[in-house]
Number of protein chains: 2
Amino acid sequence: MRQPAPAPDDDLKLSAWLPYRLFLVAAQVARPLEGFYGETFGLSQAGWRILAVIAERDGANASEIGRACALDPFAVSRGIGQLVELGFAVRRPGKTDRRFAAVSITRSGRNAFNRIAAFGSAIEARLLARLSEAERVTLDSTLHKLEAESARIDTGGWRSLLDNTAAS
Amino acid sequence: MRQPAPAPDDDLKLSAWLPYRLFLVAAQVARPLEGFYGETFGLSQAGWRILAVIAERDGANASEIGRACALDPFAVSRGIGQLVELGFAVRRPGKTDRRFAAVSITRSGRNAFNRIAAFGSAIEARLLARLSEAERVTLDSTLHKLEAESARIDTGGWRSLLDNTAAS
DNA sequence: CAATATACTTGCATACTGCAATTATCTATG
DNA sequence: CATAGATAATTGCAGTATGCAAGTATATTG
């Protein structure tokens, strides 16, 4: 009654499984960044992402923001609320359609963004410094392909992945 | 008093920033997988990661598990608790040192793992199918480098990244 | 101008996390 | 061999995040 469990039919080694490897790098890099903007500005992850979006596209509405940084409407609303509380953003009713609130970055929001962006760029630079020029180029195109395919995988939910005959 | 915010000193475009791109792919791929094992087995993300570790290394103790899947001791303890409740794992005191509880996968845990692993492998296969052989090879070595560098970035906390002169 | 649709927002129940304090066990020392 | 101190893991609790139903404000349509 204590025999070892049967051998694996399908071996999946976590440390060699592509999604886990991507996750690991992302998580290890996100932790110090979150520590920085969290302790320095009291910003959450959603808050930072939204700040980055409105820094680039000032006056965006909540839907656009959500699309740009992969957040659902609830998270966007709360993140904007946080930015407004911190004085990093202001909401103003849209000019033509007042259901869409245009979110604008403030001067101090811009300052915070610049400091966080510098920190983030430094991290990115450290990562890229380990790669050859050829690897950097390949990584870029590879990531574009993975982004597109993972987006396809994500939409449609997990049930659509069970009865599969790899869609082209 | 309503002039547009000053132009960016340091432009960081979220969608082109390496850490975000990695995060995005990881998140888009993790969502359907989490949906699958969550709804099918009532497993949390930590539970799945731990299950994958003990499937590969049966009888590991909590510290080893934590190291293998980047979870802190609290999360490991709770995750094991969940697996035990679900009947996917058993805890047994270590043979020599009874402070170390050896965690073993059960037959039904193995079954669950195999099904989740098949699902995970299918996702990985879909991602890899989009890449050329050369890209797959380059991605592998690139990820090894990024894993190593991100681990270095992570240890030491964010403060060590401020006063930087990129350590070799 | 009611009825429906859209774009958010809020409230609340649940789940997750971080950390202090505990438990159980082992090691070292007088 | 008793006792003090380390170590591995667990538990309790407080704060926080998240998911979703319901609500508010605005616009559009018949």
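Hydrogens, waters and symmetry mates play no part in the numbers below; they use all other heavy atoms, side chains included. By convention in this document, chain letters (A, B, ...) are assigned in the order of the sequence lines, proteins followed by strands, and residues within each chain are numbered from 1.
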Tell me the interatomic distance from [X], atom [atom1], to [N], atom [atom2], rounded to whole angstroms.
X        : N      : atom1 : atom2 : answer
B:Glu39  : D:dG19 : CD    : C1'   : 13 Å
B:Phe100 : C:dC26 : CZ    : P     : 10 Å
B:Arg98  : D:dT10 : CZ    : C1'   : 17 Å
A:Lys95  : D:dT26 : NZ    : P     : 18 Å
A:Arg49  : D:dT18 : CZ    : C1'   : 14 Å
B:Arg99  : C:dT25 : CZ    : P     : 11 Å
A:Glu85  : C:dT10 : CD    : C1'   : 14 Å
A:Asp97  : C:dA5  : CG    : P     : 17 Å

### Query
Quick one, which residues of residues 59-82 of chain A touch DNA chain C with a heavy atom under 4.0 Å?
A:Asn61, A:Ala62, A:Ser63, A:Phe74, A:Ser77, A:Arg78

### Phosphate OP1/OP2 of C:dT9: any A:Arg91 side-chain N/O under 4.0 Å
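So the side chain of A:Arg91 is within the cut-off, an N or O lying under 4.0 Å from OP1 or OP2 of C:dT9.
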
### Task
Determine whether the side chains of B:Ser104 and B:Arg92 contain a donor N or O and an acceptor N or O closer than 3.5 Å.
yes

### Query
Can you find a side-chain donor-acceptor pair between B:Arg78 and B:Gln82 that sits under 3.5 Å?
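The answer is no; no qualifying pair exists.
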
#### Entry: Side-chain heavy atoms of B:Glu135 within contact of B:Arg130, under 4.5 Å
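SC-SC contact between B:Glu135 and B:Arg130 ruled out.
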
### Query
A:Phe41 vs A:Phe88 aromatic rings, parallel, tilted or perpendicular, using cut-offs 30° and 60°?
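Geometry flag for A:Phe88 against A:Phe41: perpendicular rings.
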
### Task
If the plane angle is over 60° it's perpendicular, under 30° parallel, otherwise tilted; pick one for A:Phe119 and B:Trp158.
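Perpendicular.
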
### Query
Is the closest basic N to carboxylate O distance between A:Arg31 and A:Glu34 below 4.0 Å?
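Not counted as a salt bridge, because no side-chain N and carboxylate O are separated by less than 4.0 Å.
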
